[in-house]
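Order of the sequence lines sets the chain letters (A, B, ...), proteins ahead of strands, with each chain counted from 1.
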Amino acid sequence: MSFRPPKGTYDVVAGASQPISDPQIWRSLLGEWEVWAERFGYPLTMTPVFESTELFERGVGGSSEVVTKQMYTFEDKGGRSITLRPEGTAGVVRAFLNAGGQGAWKGAYSGPMFRYERPQKGRYRQFWQVGVEYLDAEAPDADSEVIELGYRYLTAVGVPGLELRLNSLGDSECRPAYLVQLSTYLNDRREKLCEDSVDLIDVNPLRVLDCKVCEPYLTDAPEMTDNLCDACRDHFQSVKTSLEALNIPYVQDPRLVRGLDYYTRTAFEFIGTELDAAQNAVGGGGRYDGLAESIGGRRTPGVGLALGVDRIVIALGSAEAASIDVYIVSESGAGDALLAASVLRQDGLRVDFDTEGRSVKAQFRAATRSGAGTTLVMGGLDKPVDVRTGGSRLTMPLEEVSDWMNATL
RNA sequence: GUGGCCGUAGCUCAGCCCGGUUAGAGCGCCAGGUUGUGGCCCUGGAGGUCGCGGGUUCAAGUCCCGUCGGUCACCCCA
């Protein structure tokens, strides 16, 4: 085969050997997401997968790795600079502003994101995120609710070793002074830091704290949470208090810095502690009170969450699940099976059979492999059918099969 | 952007280090046997440009160079 999926992408198809390609897991994760998002009052939101490049440059932020190195940017036939969305928040906020949104507003999204980077396990050029945004919401309980949604969902789908990490990044009131203090601290240790970190001091000193290489030299670095203004400290405290009241365990992590520039105050990450560190972040989010203004809108405080479905799939591994209820074995040809299947399908049963006219033996093998709990053997349209479930066998007219199954199973 | 490992059957891989008749295994697929018409087991069959291009050699899946692709890690992130 001369074509493969492009670098950093993959197919979700039946019969593939990798867990990441298992359609069953994807279907259940995406379905479960819709249930939980609606439970928390977040209606479906759909925005384009591509946007004006400038939206991301201004929204996500020029110092972020995502914008400087990882964007899929191209010029369309009209000469516009277009970028495949690297994350979901900027587009949703843009859509809210365009709709003239006023007052508290909620939206849930689910879809592919794109980042051009070297792929590896759990990191793809096209990857799937589900998330929510809560806009025009300033109070700390909004943060707590968003975090709770992520926590309940990840717990419900069964991510093993789930851990919530929490931090506050301050706001325009207290962060500038802290950054000066941090920069001074970092400049004093310039010789000890790695090359990348030195470059970051002037661009985004916060992210130096995240550098694993430099970590040993930064143990006494000043921390944002010790330098919050009163309003930010109160906000942070309130979020923590309500998480405790909700019985959601968290670990406060003063080094938690998110990769996107727009975060203010609350920042959090969900970690699957049983995954390798390289891909153990299954989700994250935070507050972004300045984002709307930075893309030219009115001030709109907001908080959001994004979960990486690819990584959740990896965390869960494969699961076996039957996808059909009945497999029909026909001794009188595929045409009869087609008609019998039609009857059962219209009754709501999930039914499959062999269209290729293979041997009865091969049909039985297919029945086994299909995972169907019931095998129906037929010898002709007007003859009674043989219904086998586990060890039991019964003979009945085709018309009675659906009722019988509903009654027994 | 940097580094390690790997490209042989539909899938997972052995064979390469120590070049040599028709390139193997398991699973899967097809047919048959056994069976309480299938699941276990047994027999047979189909299926391979050994990633691609050069080079060395009487001879290259095997050695050398290049190239493309995959994968994992660093970085960063979901």
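- Atom C1' of nucleotide A78(B) and atom CH2 of Trp128(A) are separated by 14 Å, given to the nearest angstrom.
- Base pairing analysis places G7(B) opposite C68(B); the two distances defining the Watson-Crick or G-U wobble pair are each below 3.5 Å.
- Here the nucleotide nearest the side chain of Arg369(A), chosen from C77(B), G36(B), C29(B), is C29(B).
- Summarising the local packing, OH of Tyr250(A) is surrounded by more than 12 heavy atoms from other residues, nucleotides or ligands at distances under 6.0 Å.
- Under the Watson-Crick or G-U wobble criterion, with both distances below 3.5 Å, C76(B) is left unpaired in every strand shown.
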Full working for side chain to side chain donor-acceptor pair (under 3.5 Å) between Ser81(A) and Glu54(A): CA-CA 8 Å; Ser81(A) 182; Glu54(A) 202 183 346; over 6 Å; no

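- With the nearest nucleotide of RNA chain B identified for both Glu269(A) and Phe364(A), Phe364(A) has the one nearer the 5' end.
- No hydrogens or angles were tested; on distance alone, a donor-acceptor pair under 3.5 Å links the side chain of Lys361(A) to the base of G33(B).
- The same atom, P, is picked in A46(B) and in A59(B); the two are 32 Å apart, to the nearest Å.
- Pairing for C50(B) is absent, with no Watson-Crick or G-U wobble pair whose two atom distances lie under 3.5 Å.
- Arg365(A) places no side-chain N or O within donor-acceptor distance of the main-chain N or O of Lys361(A), the cut-off being under 3.5 Å.
- Distance Tyr10(A) OH to C72(B) P: 12 Å, rounded to the nearest Å.
- At a threshold of 4.0 angstrom between heavy atoms, the contacts of Phe270(A) with the nucleic acid are absent.
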Which side-chain N or O atoms in residues 31-41 of chain A pair as donor and acceptor under 3.5 Å with protein atoms at least two apart or in another chain?
residue	atom	partner	partner atom	Å
Glu32(A)	OE2	Trp36(A)	NE1	3.3
Trp33(A)	NE1	Tyr109(A)	O	3.4

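- A donor-acceptor contact shorter than 3.5 Å links the side chain of Arg233(A) to the backbone of Leu228(A).
- Using a 4.0 Å heavy-atom cutoff across all strands shown, Arg258(A) reaches sugar-phosphate atoms only and no base atom.
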Give every pair of a protein N or O atom and an N or O atom of nucleotides 68-70 of chain B that lie under 3.5 Å apart, one pair per line with the distance.
residue	atom	partner	partner atom	Å
G70(B)	OP2	Lys7(A)	NZ	3.0

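- Pair check for U43(B) finds A31(B); Watson-Crick or G-U wobble, both atom distances under 3.5 Å.
- Straight-line distance between the P atoms of G54(B) and C72(B): roughly 32 Å, to the nearest whole Å.
- The partner of G61(B) cannot be assigned: no Watson-Crick or G-U wobble pair with both contacts below 3.5 Å exists in any strand.
- Atom CG in Leu275(A) sits roughly 12 Å away from atom C1' in A78(B) (whole-Å rounding).
- Within the 4.0 angstrom heavy-atom criterion, only backbone atoms of the sugar-phosphate kind lie near Glu65(A); the bases stay farther away.
- Ranking C77(B), G39(B), U37(B) by closeness to the Thr368(A) side chain, first place goes to G39(B).
- Separating the CZ atom of Arg365(A) from the C1' atom of C42(B) is a distance of 13 Å, rounded to the nearest angstrom.
- Residue contacts shown for Val360(A) include a base, since a base heavy atom lies under 4.0 Å away.
- Contact of Arg123(A) with A78(B) (side chain to base): no donor-acceptor pair of N or O atoms is detected under 3.5 Å.
- Within the nucleic acid shown, Val377(A) comes within 4.0 Å of at least one base atom, counting heavy atoms only.
- With rounding to whole Å, Lys121(A) atom NZ is found 11 Å from U71(B) atom C1'.
- Atom name P, nucleotides G7(B) and G15(B): the rounded distance is 10 Å, in whole Å.
- Contacts of Ser359(A) with the nucleic acid, taken as non-hydrogen atoms under 4.0 Å apart, involve only primed sugar atoms and P, OP1 or OP2.
- Residue Arg118(A) is classed as a base contact, given a heavy-atom separation below 4.0 Å to a base.
- A donor-acceptor contact closer than 3.5 angstrom links the side chains of Ser342(A) and Gln346(A).
- Arg298(A) has a carboxylate O that lies under 4.0 Å from a charged side-chain N of Asp136(A), or vice versa, which qualifies the two as a salt bridge.
- Here C13(B) sits opposite G24(B) as a Watson-Crick or G-U wobble pair (both hydrogen-bonding atom distances under 3.5 Å).
- The phosphate of A73(B) (OP1 or OP2) has a side-chain N or O of Gln120(A) nearer than 4.0 angstrom.
- Rounded to a whole angstrom, the distance from the P atom of C5(B) to that of A9(B) is 22 Å.
- Spacing between atom OH of Tyr327(A) and atom C1' of U37(B) amounts to 15 Å, rounded to whole angstrom units.
- Under 3.5 Å, the side chains of Ser110(A) and Trp128(A) contain a donor-acceptor pair of N or O atoms.
- Side chain Gln363(A) to base U37(B): no donor-acceptor pair is found below 3.5 Å.
- Nucleotides C11(B) and G47(B) are separated by 13 Å at their C1' atoms, to the nearest Å.
- Between Ile328(A) atom CD1 and U37(B) atom C1' the separation is 17 Å, expressed in whole Å.
- Asn280(A) places its CG atom 11 Å from the P atom of A73(B), with the value rounded to the nearest Å.
- Note that the OH atom of Tyr263(A) and the CZ atom of Arg287(A) stand 12.0 Å from one another [nearest 0.5 Å].
- Only the C1' atoms considered, U34(B) is 33 Å distant from G48(B), to the nearest whole Å.
- For the P atom pair drawn from C52(B) and G10(B), the interatomic distance equals 14 Å after rounding to whole Å.
- A23(B) and C40(B) have their P atoms separated by 32 Å, with the value rounded to a whole Å.
- The main-chain N or O of Cys174(A) is found under 3.5 Å from a side-chain atom of Asp171(A) such that the two form a donor-acceptor pair.
- Within the cation-pi definition used here (under 6.0 Å to the ring centroid, within 45° of the axis), Arg265(A) does not qualify as a partner of Phe236(A).
- Ala362(A) comes within 4.0 angstrom of the backbone, heavy atoms only, and of no base.
- Base engagement by Glu117(A) is indicated by at least one non-hydrogen atom pair under 4.0 Å involving a base atom.
- As judged by a 4.0 angstrom heavy-atom cut-off over every strand, Gly131(A) is placed among residues making no nucleic acid contact.
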